[in-house]
Each structure stands twice: as structure tokens, then as C-alpha cells.
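What follows is a set of notes on a single structure, which appears directly below.
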Amino acid sequence: MEEKIGFAIRGAEGITLFKGVTNPKEVYKHLVDDPANDVRVMNFSNSGKYLSFCNSINTYLIDTETGEELLCHPLAKPTIIVFSPKDTYFVTWEMYCIYGRRTAADGTVKTPNPNINYFSIAEKKHLKNIIGKRKEDVPQWTADEKYMLQIVGSEILAFEEGNIDKSKFKTVITDVNCIAVCPHQTQHLFTAFIPSKNEASKAELRRIDKDMSLVSTLIFNNCDKLDMNWNSKGTAMLALASVDVDKTGKSYYGISFLQVLSFNGEKCRITFDKEGSVHNVKWSPTGSHFAACYGYMPAKITVYNVLGNPVWNLGECHRNEIHFNTQGNLFITCGFGALTAGKIQIWNFDEQKEINTIEVQNTTHLEFSPDGQHFYTATAAPRMRVDNCYRLWKYTGEMLYEYAPTTKYELWKVQWKPMPEAVNHKFNPAQLSKDDKAKTGVRMLVANGTVEVRANAIKKVGAYVPPHLRASGSTQGALKQSSAASIVVTQDNEKKIKKIEGNLRDIQKLKDKKENGENLQPNQLEKIGREPALLAELEKLKASA
């Protein structure tokens, strides 16, 4: 199975399509000859058979098995590419605007070209283009492709049985913002979000029929944005409502509310046991569970069943992302950005046991492979423009492959090639011994450039070579062997201890102000609330020093 797994990378040099995980083989490559002609977007089809991308000159369709270019159309500006569920069509969207001068030589005002383009995959040709000023106007299909829905102004148009030229029926939903078509195999439904400034916002569940009949309505008294995510079976939808500005002043990041809506109209609101926004929420691919990461840091992570009842509480931790594998039997919790040093916890979901924990510093993206037994981590621009690289991993935390170029390189995206058949390959996650865990993590080379060790064993052997020097075997910038590693670890602990002690001194000053009757800002009160966690962390650091 490993040799069949494919993925693509997109960066400043263009795109490359690979096959394999342990030793990836190049299948197709498209290099740009001018930095202005960057590959701004790429996407795989749902079956994984096709890859489409745009190089700022043309839009291409590629056969992912052979690398053959099936279609090349002069379309330079797409920023979104979507495929219909059965790979019958692919559609591109670009900004509806004028590039360059807004007036022609004769003084007439230019008008933008239609910006949504339809392509037939079987016929390998362009079909038509229409105007869709917003990203939300991109069409969506039911799972069987019986219906295609599209927003046009305040109208929802329904096209039937592959006829994309004339709608079968339509309805008017005043001020509709976006829709989410249900992927249920037999029930044809969709939800529509209608925001409002003067009254409560709402999300309507409707059937796709002649009357677009209303099934149920969710009401949101306070909502600027609504993310609507159906589970894989189309039996339930997560509606995550968020408000950009918390008028109570408790949170700088706004506030969030989560509701579950069943395809039969039943609904429930999730009551979180910790204040703060929702950082991440994900459905299990089985459709029977979802997980949420929420609350002020350290955040809480809880897994719920489809009825909204908690079934597994992972407690508080400095994490902000959660990921299920394609079979739903593995679960990853991780903290990226400024939160932690890229800590990744891998769990056996069925047994609710930790398999391993690794640290991959500067990680910005993580995603499971289609077979559910691998994942990638990437440091990608524009979030980070240094040490851009990607790594391929076994679910145990064993690193199988690393791409860290010796020359300056901007990596923008890594994307797995879909393999729908791989979902059925069930496996039992292994339990690792201490020796197994000691061999996992980021690979590092010792000073002589010949011996390979693991990051998890840095206290024993600590020769670190910066990513841009690893492939060449250079020892420049490497840490001294063994004893120097212990010094580095100790110095790192000392820095952390000093930082925490400084934070505790600041907290004590705030507590003194509070006792003297001064009014503190919400963020200052939140800082005081972090004192117990800081004291606990300080105690652990001093014990290991």
C-alpha cells in the first residue's frame, strides 16, 4: 500500500507529483520559468485520478498515474478549483475584477470577464463560464450528482441530472450568505446561512425539491460567521458560529458557539465546560463522533458522539489542532505556532490510549494519508518563510522521509492524493515499547556526518545539524557530541525557568494591584488565572534540571 500512496507539493518553483512514502518517486513535474508565473492553486479529484492546477498562464488537468497532460486551457487567474463528487466536472473560480487599467483606450469602462469556469473531464474541454462574484457562489453537488446547487444573488438554483445550463427549480432566500450541500447518499438536503445585523442570524435546513421545503432552523443570537460541516454519512452537521468581537471584553479572539443539526431536523447545542473560543472542531471519518478543542489556554479537548454527549475527555493541554485518520482509529492532538515546540500526540482512538509523542519544531501543517497509517508535517510559507520543508511519518512517530533543501526554497502546500479504496484497509495500531519510542522523532546527524540519531534521544547523543545542511552531510553549525547535548538541554531548561519566574513576578504585581482596589483588564485577569499552571510547569523544570 505504501508504494501506491501519492502526494503533490506546490512551491515557488512549481509543482511536483510523487508516488511512495519511504522513497518517493517523481511522477510529474511542472517548473515555472518566471517567478511571476507561480502555481497559485492545485487540487486533486475525489477519486485521486486527476490533478488540476493553474500556472498563472494556463489551467491544466493531469492524469496522476501517468503524468499525462489531459487538458491545457488559457485561464490564468483561478484561485479555487473544485471537482464534482464523481469527477464528472471540475470548476474554477477567480476574483471578479479588472486587472490593470479600468478604462479602455477609447475611454469606455471595462467589465470583468465571467469568473466561474466549468470543464468536462470526460470530454477534456471547457464548457461554459458565468459570473460569481463571491467564493460562496461556487457550485456544490449532492453525493450522487443528481443535483447541483448554486447561489445567484439571493436565489438558490438547482440543476438536475448533469444539465448545468438551465436550472430545474429555484427558491429565494433573502440575504443568503452561503450553503452546504448534505453528502447523504439518498436524502437530498442543504443548509443555508442567513446572517443578520438587526435580528438573530439563522441556518435553514431545506430539502432539494420543487418547493425547497424547510425542514428545520437554527437560530444564532450572536453570529458574524458560520462554518457548516456535514459528517461523511450526511446524517449530521456541525454549525460553528463565531463572533469577531467579544463585547464583554473577556476574549481578544472573539467567541464561538457550536450546535449539532441532524438531517431529520433534530438539533442540540454543545455546552462547553471551559470559557473561550473554539480553536478546532473535526468529524471522525466514521461520522459517529466529533472532537473539539476549546477554551482559554491551556485548552480542553473533548470527543462527543453524534448526539452531542461527551464520551472522552482528554483534559487540558497546550494544543490548538486535532486530526482523525481516514479509518477513525487514530487521533492526533497537536500545538503549532507560538503555542508549543510542535508537540504531536498520537492516540489509539478506540482504546483511548496514547501511542507516542514527538516534537517537530516550526510545523505549520499536518495531515493523515489516505491509508490512515501515515501523515506529513510541513513548514510552509507564508506562515513561515524559513526552514521550509516537509516530512513523511509512520503513525508511530517514525520519520520515513525528509525534504529539507540545501538551497533557499519556498514550500507553499503539501497535499495527499485521495485513495477512496484505502479507507477499507483496517489495521490494529501497535503499542510501542520504550526502545521503539526512543527511535522516533526528527532525525539528526552527529558531528562527523555519518551517524544518525533521533531527536527523542537528544539527551544521550545531541549532535544537531540545521535542516538546510542535513542533506549535504555538512557539520557546520552542529552541536558537539554527547556532553554538549546535555549542556544544551540544561541551558534550554534554565531559559524556560527564567521566563516562567519573570511571568510569575508580573502576576504577583498584578495581584498586588488587584488587592489595592485597582481595576484590571480582562487579559490581566486571564494572566493571573495562569499562575497555577506556571507554578506546576516551574516545578517540573526544576526537577529535571
Next item on the list: For S52 and T59, run side-chain contact (heavy atoms from CB on, under 4.5 Å): C-alpha distance rounded to whole Å, both residues' side-chain angles, the deciding distance at 0.1 Å, then the answer.
Entry: CA-CA 7 Å; S52 179; T59 295; 4.0 Å; yes
Margin query: Quick one, W347 with T333, criterion side chain to side chain donor-acceptor pair (under 3.5 Å). Give me CA distance, side-chain angles, the key distance, then yes/no.
Written below: CA-CA 8 Å; W347 302 83; T333 61; 3.2 Å; yes
Next item on the list: Kindly determine whether V281 and Y304 satisfy side-chain contact (heavy atoms from CB on, under 4.5 Å), including the steps that lead there.
Entry: CA-CA 11 Å; V281 60; Y304 302 84; over 6 Å; no
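In this structure, CD1 in I301 is found 11.0 Å from CD in E316, a value given to the nearest 0.5 Å. Atoms OG and CG, on S284 and N305 in that order, are 12.0 Å from each other to the nearest 0.5 Å. Once rounded to the nearest 0.5 Å, the distance linking CG of N115 with NZ of K77 reads 13.5 Å. Rounded to the nearest 0.5 Å, atoms NE2 (H365) and CD (E321) are 8.0 Å apart. We find the CG-CZ distance between N231 and F290 to be 10.5 Å, quoted to the nearest 0.5 Å. The distance from the CZ atom of F220 to the OG atom of S201 is 8.5 Å, given to the nearest 0.5 Å.
F349 has its ring centre less than 6.0 Å from the ring centre of H289. Annotation: F427 is in aromatic contact with Y395 [ring centroid separation under 6.0 Å].
No more than 12 heavy-atom neighbours from other residues, nucleotides or ligands sit within 6.0 angstrom of CG on N113. The number of heavy atoms from other shown groups lying within 6.0 Å of NZ (K267) is above 12. When the shell of 6.0 Å around CD of E266 is examined, it contains 12 or fewer heavy atoms from other residues, nucleotides or ligands. Applying the 6.0 Å contact sphere to CG of N428 captures no more than 12 heavy atoms from other residues, nucleotides or ligands. Counting heavy-atom neighbours within 6.0 Å of K168 NZ, excluding the residue itself, gives a total of 12 or less. Counting non-hydrogen atoms of other residues, nucleotides and ligands closer than 6.0 Å to NZ of K210 gives a total of 12 or fewer. Around the NZ atom of K110, the shell of radius 6.0 Å holds more than 12 heavy atoms that belong to other residues, nucleotides or ligands. Applying the 6.0 Å contact sphere to NZ of K274 captures more than 12 heavy atoms from other residues, nucleotides or ligands.
Between A236 and V260 the shortest heavy-atom distance is CB-CG1, 4.3 Å. When all heavy atoms are compared, the tightest approach of L240 to S256 is CD1-CB, 4.1 Å. P85 and W141 get closest at one heavy-atom pair: CD-CB, 3.4 Å. The minimum heavy-atom distance between T64 and G48, with the atom names listed, is OG1-O, 2.6 Å. Minimum heavy-atom separation, V21 to H374: CG1-CD2, 3.8 Å. The two residues P285 and T326 come nearest to each other via the heavy atoms CB-O, 3.3 Å.
Between E65 and K417, at least one side-chain nitrogen of the basic residue sits less than 4.0 Å from a carboxylate oxygen of the acidic one, meeting the salt-bridge criterion. Between K300 and D273 there is a salt bridge, with a side-chain nitrogen of the basic residue lying less than 4.0 Å from a carboxylate oxygen of the acidic one. Salt bridge status for K170 with E155: present, with a side-chain N to carboxylate O gap under 4.0 Å.
When only modelled atom types and interatomic distance are considered, S213 and D211 share no side-chain donor-acceptor pair under 3.5 Å. Neither side chain, D371 nor H425, offers a donor N or O lying under 3.5 Å from an acceptor on the other. The closest side-chain donor-acceptor pair between Q373 and N325, if any, does not fall under 3.5 angstrom.
Y89 pairs by the ring pair (Phe, Tyr, Trp, His ring centres under 6.0 Å) definition with nothing, not counting sequence neighbours. Partners of E204 by salt bridge (Lys or Arg N to Asp or Glu O under 4.0 Å), not counting sequence neighbours, listed by chain and number: K202, R206.
Just one residue in the list T171, T142, L189 forms a side chain to side chain contact (heavy atoms under 4.5 Å, CB included) with I208, and that residue is T142. Among Y376, Y390, F368, the single residue meeting the ring-ring contact (aromatic ring centres under 6.0 Å, His included) criterion with F7 is Y390.
T379 is not listed as a side-chain neighbour of L411, based on a closest heavy-atom distance of 4.5 Å or more.
The aromatic rings of Y147 and H188 stand perpendicular to each other, their planes meeting at an angle above 60°, with 30° marking the opposite boundary. Between F331 and W312, the ring planes lie tilted relative to each other; the angle falls in the 30° to 60° range.
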